[in-house]
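Every value quoted in this text rests on a predicted model; they were computed, and no experiment measured them. Values below: every heavy atom of this structure, side chains too, minus hydrogens, waters and symmetry copies.
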Amino acid sequence: VQLQASGGGLVQAGGSLRVSCTAFGPQFSRNNMAWFRQAPGKEREFVAAISRSGSTITYADSVKGRFTISRVNDKKTLYLQMNSLNPEDTAVYYCAAKSVILTAPLGTHQYEYDTWGQGTQVTVSS
């Protein structure tokens with residue numbers, strides 16, 4: 001599967017934004033999916049992950065309660081709804097995929113994913 005992220009942009013603090021990740025190729029529904037982000041001068045960090053069916057979700061503590069990850073397998077699309085954004089959320093957001101068996105646990109580390117999108121820039125102004 002190949003991934004293409006989109007939907008980034010400039011938003012004021014306190015605002016909302018939704019980024020999307022479209023998959024090209026078969027078997028999107030067999031992939032656990034995740035969002036990571038990388039701010040300038042910092043390492044890439046985990047944001048959120050969702051299982052193949054969408055039944056299991058996990059978030060980084062820094063975004064819990066503000067961000068929502070979701071997926072629509074029929075549309076081969078992953079979403080990240082971001083609310084109550086603050087300048088610390090400014091980063092390039094990357095989607096990632098890993099083909100897994102149905103009972104595989106969700107990964108929260110970069111090495112647990114083997115397919116990556118190109119990233120989309122999210123900038124939050126104060």
Side-chain angles (χ1 to χ4, degrees):
V1 66
Q2 293 181 317
L3 305 174
Q4 182 172 347
S6 61
L10 175 64
V11 62
Q12 289 187 333
S16 298
L17 197 65
R18 188 179 77 166
V19 293
S20 302
C21 175
T22 302
F24 298 91
Q27 302 183 343
F28 173 75
S29 62
R30 295 190 179 184
N31 285 264
N32 282 351
M33 300 294 297
W35 288 100
F36 289 78
R37 67 185 181 184
Q38 187 166 18
K42 296 187 177 181
E43 294 188 355
R44 193 173 299 186
E45 65 175 2
F46 170 75
V47 174
I50 186 169
S51 62
R52 290 173 38 164
S53 65
S55 60
T56 304
I57 289 173
T58 188
Y59 296 98
D61 288 343
S62 59
V63 306
K64 201 172 294 183
R66 300 188 298 122
F67 290 12
T68 301
I69 189 172
S70 62
R71 65 190 295 166
V72 179
N73 284 344
D74 288 348
K75 293 185 177 181
K76 297 184 179 181
T77 304
L78 174 74
Y79 301 100
L80 185 68
Q81 175 68 42
M82 302 180 287
N83 299 328
S84 302
L85 284 161
N86 58 63
E88 290 70 38
D89 296 315
T90 294
V92 177
Y93 283 72
Y94 297 91
C95 54
K98 174 63 176 177
S99 181
V100 297
I101 60 174
L102 188 58
T103 56
L106 277 180
T108 61
H109 301 90
Q110 294 183 60
Y111 63 81
E112 295 177 285
Y113 295 87
D114 54 16
T115 301
W116 292 81
Q118 86 285 4
T120 185
Q121 176 70 47
V122 173
T123 303
V124 184
S125 63
S126 58

With side-chain contact (heavy atoms from CB on, under 4.5 Å) as the criterion, how do Val1 and Lys76 come out once you've worked through the C-alpha distance, each side chain's angles and the decisive distance to 0.1 Å?
CA-CA 10 Å; Val1 66; Lys76 297 184 179 181; over 6 Å; no

Heavy atoms from other residues, nucleotides or ligands near CZ of Arg30 exceed 12 (cutoff 6.0 Å):
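No, because the 6.0 Å sphere around CZ of Arg30 holds 12 heavy atoms or fewer from other groups.
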
Should we say atom CD of Gln118 is surrounded by more than 12 heavy atoms from elsewhere, each under 6.0 Å from it?
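Yes, enclosed.
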
Once disulfide (SG to SG under 2.5 Å) is applied, what residue pairs with a partner in residues 31-67 remain, sequence neighbours excluded?
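Checked against disulfide (SG to SG under 2.5 Å) - neighbours excluded - no pair reaches residues 31-67.
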
For the side chain of Thr77 and the backbone of Lys75, is there at least one donor-acceptor N/O pair under 3.5 Å apart?
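Flag set: sc Thr77 to bb Lys75 pair under 3.5 Å.
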
Which pairs, with at least one residue in [range] and sequence neighbours excluded, count as a salt bridge (Lys or Arg N to Asp or Glu O under 4.0 Å)?
range	result
residues 4-17	none
residues 117-126	none
residues 117-126	none

Between Phe36 and Phe46, how do the two ring planes meet: parallel, tilted or perpendicular, split at 30° and 60°?
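Geometry flag for Phe46 against Phe36: perpendicular rings.
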
Set of residues satisfying ring-ring contact (aromatic ring centres under 6.0 Å, His included) with respect to [X], sequence neighbours excluded:
X	value
Phe28	none
Phe67	none
Tyr79	none

Going by atom type alone, with no hydrogens or angles, which donor-acceptor pairs under 3.5 Å involve a side-chain atom of residues 98-109 and a protein atom two or more places apart or on another chain?
from: Lys98; atom 1: NZ; to: Asp114; atom 2: OD2; distance (Å): 3.2
from: His109; atom 1: ND1; to: Glu112; atom 2: OE1; distance (Å): 3.0

If you look at every heavy atom in Asn73 and Arg52, which pair is closest and at what distance?
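Nearest pair, atom of Asn73 first, then Arg52: ND2-O, 3.1 Å.
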
Which pair of heavy atoms, one from Leu78 and one from Ser70, lies closest together, and at what distance?
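Looking at all heavy atoms of both residues, the closest pair is CD1-O, 3.3 Å.
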
side-chain hydrogen bond (donor to acceptor under 3.5 Å, both in side chains) partners of Thr123, counting only residues at least two apart
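Once residues adjacent in sequence are excluded, the partners of Thr123 under the side-chain hydrogen bond (donor to acceptor under 3.5 Å, both in side chains) criterion are Gln121.
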
Which residues pass the side chain to side chain contact (heavy atoms under 4.5 Å, CB included) test with Lys64, sequence neighbours left out?
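Lys64 satisfies side chain to side chain contact (heavy atoms under 4.5 Å, CB included) with Tyr59, Asp61 once adjacent residues are dropped.
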
Summary of side chain to side chain donor-acceptor pair (under 3.5 Å) pairs that have at least one residue in residues 12-23, sequence neighbours excluded
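Sorted result for residues 12-23: Ser16-Asn83.
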
Can you hop from [X] to [Y] via hydrophobic side chains spaced under 4.5 Å?
X	Y	answer
Val72	Ile57	no
Val63	Leu85	yes
Val47	Leu17	yes

From Leu3 atom CG to Asn31 atom CG, the distance as rounded to the nearest 0.5 Å
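With rounding to 0.5 Å, CG (Leu3) is 8.0 Å from CG (Asn31).
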
Throw together a table of side-chain donor-acceptor distances under 3.5 angstrom for residues 87-97, partners on residues two or more places apart or in other chains.
from: Asp89; atom 1: OD1; to: Arg37; atom 2: NH1; distance (Å): 2.9
from: Asp89; atom 1: OD1; to: Arg66; atom 2: NH2; distance (Å): 3.0
from: Asp89; atom 1: OD2; to: Arg66; atom 2: NH1; distance (Å): 2.8
from: Asp89; atom 1: OD2; to: Arg66; atom 2: NH2; distance (Å): 3.4
from: Asp89; atom 1: OD2; to: Asn86; atom 2: N; distance (Å): 2.9
from: Thr90; atom 1: OG1; to: Pro87; atom 2: O; distance (Å): 3.0
from: Thr90; atom 1: OG1; to: Val124; atom 2: N; distance (Å): 2.9
from: Thr90; atom 1: OG1; to: Val124; atom 2: O; distance (Å): 3.4
from: Tyr93; atom 1: OH; to: Arg37; atom 2: NH1; distance (Å): 3.0
from: Tyr93; atom 1: OH; to: Asp89; atom 2: O; distance (Å): 2.7

